[in-house]
*Asks:* 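My questions all concern the structure below.
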Amino acid sequence: MATVLVLLERRGGDLKRASLQAVSVARRLAGEGGRVDALALGSGAEGAASAAGDAGADRLLVVAEGTFDPYAPEPYAAALAQAAKESGAEIVLAAGTALGRDVAARTAARLSTGLLSDVIAIERPDSGGLRARRPIYSGKAFAWESIPEARPAMATLRPNAFPVTPSGKTAETVALTVPQTPARVVARRLETPAEQEIDVAEAPVIVSGGRGLKGPEHFSLIRDLAKALGGAVGASRAVVDAGWIPHAHQVGQTGKVVSPGLYVACGISGAIQHLAGMSSSKVIVAINKDADAPIFKVATYGIVGDVFEVLPKLTDEIRKVKA
Amino acid sequence: MKIVVCVKHVPDTEAKIKIAADGKGPDLAGVKMIVSPYDEYALEEAIRLRESGTASELVAMSAGGDEVAASLRQALAVGADRAVHVHDPALSGADALARAQALAAALAAEAPELVFTGKMGVGDDQGQVGPMLGELLDRPHVGNATKIEIASGTFTAWRGVEGAVEVMEGSLPAVITWDKGDHEPRYASLKGIMAAKKKPLDVKKAADLGVAASPPRVVRESIELPPPRPAGKILTGDAETAAKELVRLLHEEAKVI
């Protein structure tokens with residue numbers, strides 16, 4: 001058994017789902033008789049007690065005072081390090097989000113300890129610490145890594161790689177005081193796109209377009225199908241480099257590494273760096289004119305055909321099924 | 001203003017990964033090595049700040065064995081003024097904190113206003129060194145930046161977070177890690193490559209910087225290739241027939257819609 005501390009991330013007052021997933025992992029790692037402490041920072045932090053408790057936290061450590069709303073890396077790392085000391089945690093976890101990975105790395109340096117990034121499987125060996133599996137080379141390979149001695153052993157968890165296990169319990173709230181830390185950089189505002197798009201990193205369905213679309217004006221075919229499926233729009237590196245669509249949509253090494261339930265690759269030949277980023281998707285559909293395109297090697301279903309003919313028909317059929 | 005850009009020497013993103021005989025890492029024999037792409041973005045942003053006159057000196061830095069010198073020469077060829085090689089073969093396979101500590105020791109001696117690096121080294125895909133440098137150097141850091149504006153002693157940086165852009169304001173000196181921003185990294189010109197051969201490349205032994213060898217905190221036990229995907233089905237017929245069959249399979253067989 002062990003004490004496990006989890007950094008909670010809140011956006012607009014709500015706990016991030018990835019944080020709750022981390023709490024449920026913590027519950028499993030803590031084992032019988034172990035304790036899960038969840039750390040919530042900023043005003044209204046105590047509101048996390050029921051959701052964190054339900055996901056498996058025994059205690060909610062609350063730090064209300066300090067530069068936590070909006071996000072500032074230095075006070076976050078200082079608070080997490082302090083909480084790790086006070087809770088006596090053997091293991092510290094965070095969600096593998098932009099914030100979680102940012103804070104965890106800074107905290108690991110502060111505590112001179114080891115950190116396993118973006119893990120997709122995790123366990124606590126009998127001798128303590130952590131052992132985890134994580135994608136490397138954007139998913140071209142996987143590594144098993146461990147932290148045998150350094151404590152606390154830290155890890156960030158890839159969002160949606162772990163389930164939330166409800167317990168029906170509420171966490172006991174404990175106020176924590178941390179020394180004031182200067183915030184020499186602070187998040188001033190969040191700019192969200194006017195039309196709220198689904199981010200490829202978090203989407204259950206992704207429809208991606210490549211060079212086979214011949215020009216940015218034809219990306220509407222991809223958007224229409226993505227919309228019909230309730231999914232996000234992805235893209236190959238070639239079309240991002242050509243300026244057809246912003247980099248945030250790029251799937252593959254140097255873009256986003258994704259593993260949705262359904263990935264539809266349209267007019268994408270399947271360069272090795274694209275395959276690295278999407279080949280762990282559950283179901284892959286490939287639509288391409290070239291029957292020899294490497295994308296067909298990873299496809300669950302393939303259509304050898306012209307995207308300009310297939311996509312409109314496919315979108316129509318999907319709409320019929322979803323109607 | 002001085003900027004130091006930390007670059008990592010990594011396998012080309014187009015390279016196929018094979019597993020080495022010991023099962024603990026990739027077999028790099030015959031694999032082309034490059035400057036990690038995110039470090040190239042960092043370098044490009046730094047070169048632009050130097051071209052606009054915001055920065056006056058641009059230093060490239062890397063930690064590792066002899067092999068990393070190639071990436072430093074590349075950085076010099078695209079525009080860095082000089083390079084610092086924190087030399088210790090053990091650093092090439094060391095964990096993120098050990099590499100960050102070695103770089104931090106050399107950075108402390110340089111005392112730049114800005115430290116740039118990529119948001120992660122491709123390959124290990126950790127994204128740890130940048131924020132660790134912030135902590136070790138006692139400086140603020142911004143991760144995943146795509147744009148920066150610098151005023152006297154302060155900066156504004158835009159960083160990508162899930163589905164949004166977070167606008168960060170801070171004071172210098174600072175550490176910034178880069179994602180792909182508005183600018184494509186430039187290629188080295190022939191003139192640049194020739195000039196790079198004459199630019200200073202200081203080799204500093206990690207031990208001389210007072211970096212003590214520390215026991216590894218993170219141990220890599222093994223690596224493995226992803227399991228092969230089962231062979232797929234190719235749907236035939238005209239576009240309409242194939243589309244109908246695909247939707248049926250997604251609905252009834254795969255149950256994803």
Side-chain angles (χ1 to χ4, degrees), chain A residues 73-74 77 97-98 101-102 105-106 108-110 113-117 136-138 140-148 150 184-192 199 201-202 229 247-248 253-254 261-262 272-273 279-280 283 285 298-305 309-310 313-314 317-318 321, chain B residues 13-14 16-17 26 37 95-97 100 122-128 131-132 134-136 140-144 160-171 174 180 215 217-226 229 232-235 239-240 242-244 246-247 249-251 254 256-257:
Chain A
E74 296 161 279
T97 54
R101 293 181 69 167
D102 211 48
R106 190 159 185 130
R110 199 176 178 93
T113 193
L115 168 63
L116 306 175
S117 293
I136 54 174
Y137 298 94
S138 305
K140 284 184 204 168
F142 293 86
W144 276 104
E145 292 176 346
S146 61
I147 303 176
R184 292 168 294 184
V185 64
V186 174
R188 283 292 171 219
R189 61 182 192 276
L190 206 58
E191 293 175 351
T192 44
D199 190 76
E202 297 178 312
L229 286 165
H247 178 252
Q253 211 168 358
T254 70
L262 174 60
I272 188 161
Q273 79 121 298
S279 54
S280 63
V283 173
V285 171
V298 300
T300 321
Y301 305 115
I303 297 178
V304 181
E309 287 176 28
V310 177
K313 300 272 190 261
L314 186 56
E317 292 298 324
I318 299 284
V321 173
Chain B
T13 54
E14 297 296 332
K16 228 184 180 147
I17 298 302
D95 63 31
L97 185 54
V122 307
D124 282 343
D125 296 359
Q126 298 186 119
Q128 295 185 13
M132 284 177 165
E135 181 65 29
L136 297 172
H141 83 271
V142 173
N144 300 358
V161 297
E162 291 77 17
V165 174
E166 199 164 47
V167 184
M168 312 287 290
E169 286 176 9
S171 59
K180 183 175 183 176
R217 299 157 192 92
V218 174
V219 177
R220 179 165 290 176
E221 298 178 354
S222 63
I223 74 167
E224 64 205 29
L225 297 177
R229 292 185 71 93
K233 274 184 201 163
I234 297 291
L235 313 179
E240 186 158 358
K244 277 202 165 118
L246 175 59
V247 172
L249 288 166
L250 291 176
H251 190 58
V256 287
I257 57 170

*Asks:* Between B:Ser171, B:Ala174, B:Gly127, which shows the greatest number of heavy-atom pairs under 4.5 Å with chain A?
*Replies:*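 Highest number of heavy-atom pairs under 4.5 Å: B:Ser171.
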
*Asks:* Can you say whether B:Leu235 sits under 4.5 Å from chain A via the side chain, the backbone, both, or neither, judging by heavy atoms?
*Replies:*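 Both parts, heavy atoms under 4.5 Å.
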
*Asks:* Does any heavy atom of chain B fall under 4.5 Å from the side chain of A:Ala108, the backbone, both, or neither of them?
*Replies:*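 Contact with chain B is through both the backbone and side chain of A:Ala108.
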
*Asks:* What part of A:Ala201 is in contact with chain B, defined as an atom under 4.5 angstrom from a non-hydrogen atom: side chain, backbone, both or neither?
*Replies:*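 When you check distances to chain B, no heavy atom of A:Ala201 falls under 4.5 Å.
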
*Asks:* Hey, which of A:Glu309, A:Lys140, A:Arg101 has the most heavy atom pairs under 4.5 Å with chain B?
*Replies:*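 Sorted descending by pairs with chain B, the first entry is A:Lys140.
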
*Asks:* Name the member of B:Asp124, B:Leu246, B:Leu136, B:Val142 that forms the most heavy-atom pairs with chain A at distances under 4.5 Å.
*Replies:*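 With the most close heavy-atom pairs to chain A, the winner is B:Leu246.
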
*Asks:* Using heavy-atom distances under 4.5 Å, tell me whether B:Asn144 contacts chain A through its side chain, its backbone, both, or neither.
*Replies:*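 For B:Asn144, side-chain heavy atoms alone lie under 4.5 Å from chain A.
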
*Asks:* Report the option among A:Ile147, A:Thr97, A:Leu262, A:Leu190 that has the most heavy-atom pairs separated by less than 4.5 Å from atoms of chain B.
*Replies:*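 It is A:Leu190.
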
*Asks:* Can you tell which of B:Gly143, B:Pro140, B:Gly232 has the highest number of heavy-atom pairs within less than 4.5 Å of chain A?
*Replies:*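 Ranked by contacts with chain A, first place is B:Pro140.
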
*Asks:* Which one wins on heavy-atom pair count under 4.5 Å against chain B: A:Ile303, A:Ile318, A:Val304?
*Replies:*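 It is A:Ile303.
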
*Asks:* Based on non-hydrogen pairs under 4.5 Å, which of A:Val310, A:Thr113, A:Asp102 is most in contact with chain B?
*Replies:*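 Most pairs with chain B among the choices: A:Asp102.
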
*Asks:* Looking at A:Gln273 and B:Thr13, what are the two nearest heavy atoms and their distance?
*Replies:*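 Reported closest heavy-atom pair: CB-O, 3.7 Å.
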
*Asks:* Using non-hydrogen atoms and a 4.5 Å limit, figure out which bit of A:Val321 sits close to chain B: side chain, backbone, both or neither.
*Replies:*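 Side chain only.
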
*Asks:* Once you round to the nearest 0.5 Å, how far does NZ of B:Lys244 lie from CD of A:Glu317?
*Replies:*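 Answer rounded to 0.5 Å: 5.0 Å.
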
*Asks:* What is the distance from atom CD1 of A:Ile136 to atom CZ of B:Arg220, rounded to the nearest 0.5 Å?
*Replies:*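 Spacing of CD1 (A:Ile136) from CZ (B:Arg220) equals 4.5 Å.
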
*Asks:* Identify which of B:Val167, B:Leu250, B:Ile223 forms the greatest number of heavy-atom pairs closer than 4.5 Å to chain A.
*Replies:*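 Most pairs with chain A among the choices: B:Val167.
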
*Asks:* Among B:Val122, B:Val247, B:Ile257, who wins on heavy-atom pairs under 4.5 Å with chain A?
*Replies:*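 Top count of heavy-atom pairs under 4.5 Å with chain A: B:Val247.
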
*Asks:* Looking at A:Asp199, A:Leu115, A:Val283, which has the largest count of heavy-atom pairs under 4.5 Å with chain B?
*Replies:*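 Going by pairs under 4.5 Å, I would pick A:Leu115.
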
*Asks:* Go through the atoms of B:Ala254 and report whether side chain, backbone, both or neither lie under 4.5 Å from a heavy atom of chain A.
*Replies:*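 For B:Ala254, heavy atoms of backbone and side chain both lie under 4.5 Å from chain A.
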
*Asks:* At a heavy-atom separation under 4.5 Å, does B:Pro215 approach chain A through its side chain, its backbone, both, or neither?
*Replies:*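 Contact with chain A: none, neither part.
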
*Asks:* Looking at A:Arg110 and B:Glu135, would you say the former's side chain and the latter's main chain have a donor-acceptor pair under 3.5 Å?
*Replies:*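 A pair under 3.5 Å: no.
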
*Asks:* Just give me the residue among B:Met132, B:Glu221, B:Lys16 that pairs up with chain A most often, heavy atom to heavy atom, under 4.5 Å.
*Replies:*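 Looking at each option in turn, the highest pair count goes to B:Glu221.
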
*Asks:* Under the criterion side chain to side chain donor-acceptor pair (under 3.5 Å), which of A:Arg184, A:Arg106, A:Glu74 is the partner of B:His141?
*Replies:*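 Only one of A:Arg184, A:Arg106, A:Glu74 forms a side chain to side chain donor-acceptor pair (under 3.5 Å) with B:His141, namely A:Arg106.
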
*Asks:* Measure the spacing between CG of B:Asp95 and CG of A:Leu116 and express it to the nearest 0.5 Å.
*Replies:*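 One gets 10.0 Å once the value is rounded to the nearest 0.5 Å.
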
*Asks:* Using 0.5 Å steps for rounding, measure from the CD atom of B:Glu169 to the CZ atom of A:Arg189.
*Replies:*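 Spacing of CD (B:Glu169) from CZ (A:Arg189) equals 7.0 Å.
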
*Asks:* Quick check on A:Thr254 against chain B: is it the side chain, the backbone, both or neither that has a heavy atom closer than 4.5 Å?
*Replies:*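 Backbone plus side chain of A:Thr254, per the 4.5 Å heavy-atom cut-off to chain B.
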
*Asks:* Has B:Glu240 got a side-chain atom pairing as donor or acceptor with A:Lys313's backbone, closer than 3.5 angstrom?
*Replies:*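 Checking the backbone N and O of A:Lys313 against the side chain of B:Glu240, no donor-acceptor pair under 3.5 Å is found.
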
*Asks:* Checking B:Gln128 against A:Ser117: is there a side-chain donor and acceptor pair closer than 3.5 Å?
*Replies:*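 Result is yes, a qualifying pair exists.
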
*Asks:* If we only count heavy atoms from C-beta on, is the B:Met168 to A:Pro73 side-chain gap below 4.5 Å?
*Replies:*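 A side-chain contact under 4.5 Å exists here.
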
*Asks:* What residue, out of A:Ala150, A:Ala77, A:Ala141, A:Gly261, has the most heavy-atom pairs lying under 4.5 Å from chain B?
*Replies:*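 Highest number of pairs under 4.5 Å: A:Ala141.
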
*Asks:* Minimum heavy-atom separation for B:Val218 and A:Gly114, please, with both atom names.
*Replies:*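 For B:Val218 and A:Gly114, the tightest heavy-atom pair comes out as CG2-CA, 3.8 Å.
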
*Asks:* Taking all atoms of both residues into account, what is the closest heavy-atom pair of B:Gly163 and A:Thr192, and its distance?
*Replies:*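 Smallest interatomic distance, heavy atoms only, reads O-CG2, 4.5 Å.
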
*Asks:* With a 4.5 angstrom heavy-atom cut-off, could you sort out which part of B:Leu249 is near chain A: side chain, backbone, both or neither?
*Replies:*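 Both parts, backbone and side chain.
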
*Asks:* Is chain B contacted by the side chain of A:Leu229, its backbone, both, or neither, given a heavy-atom distance below 4.5 Å?
*Replies:*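 Side chain only.
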
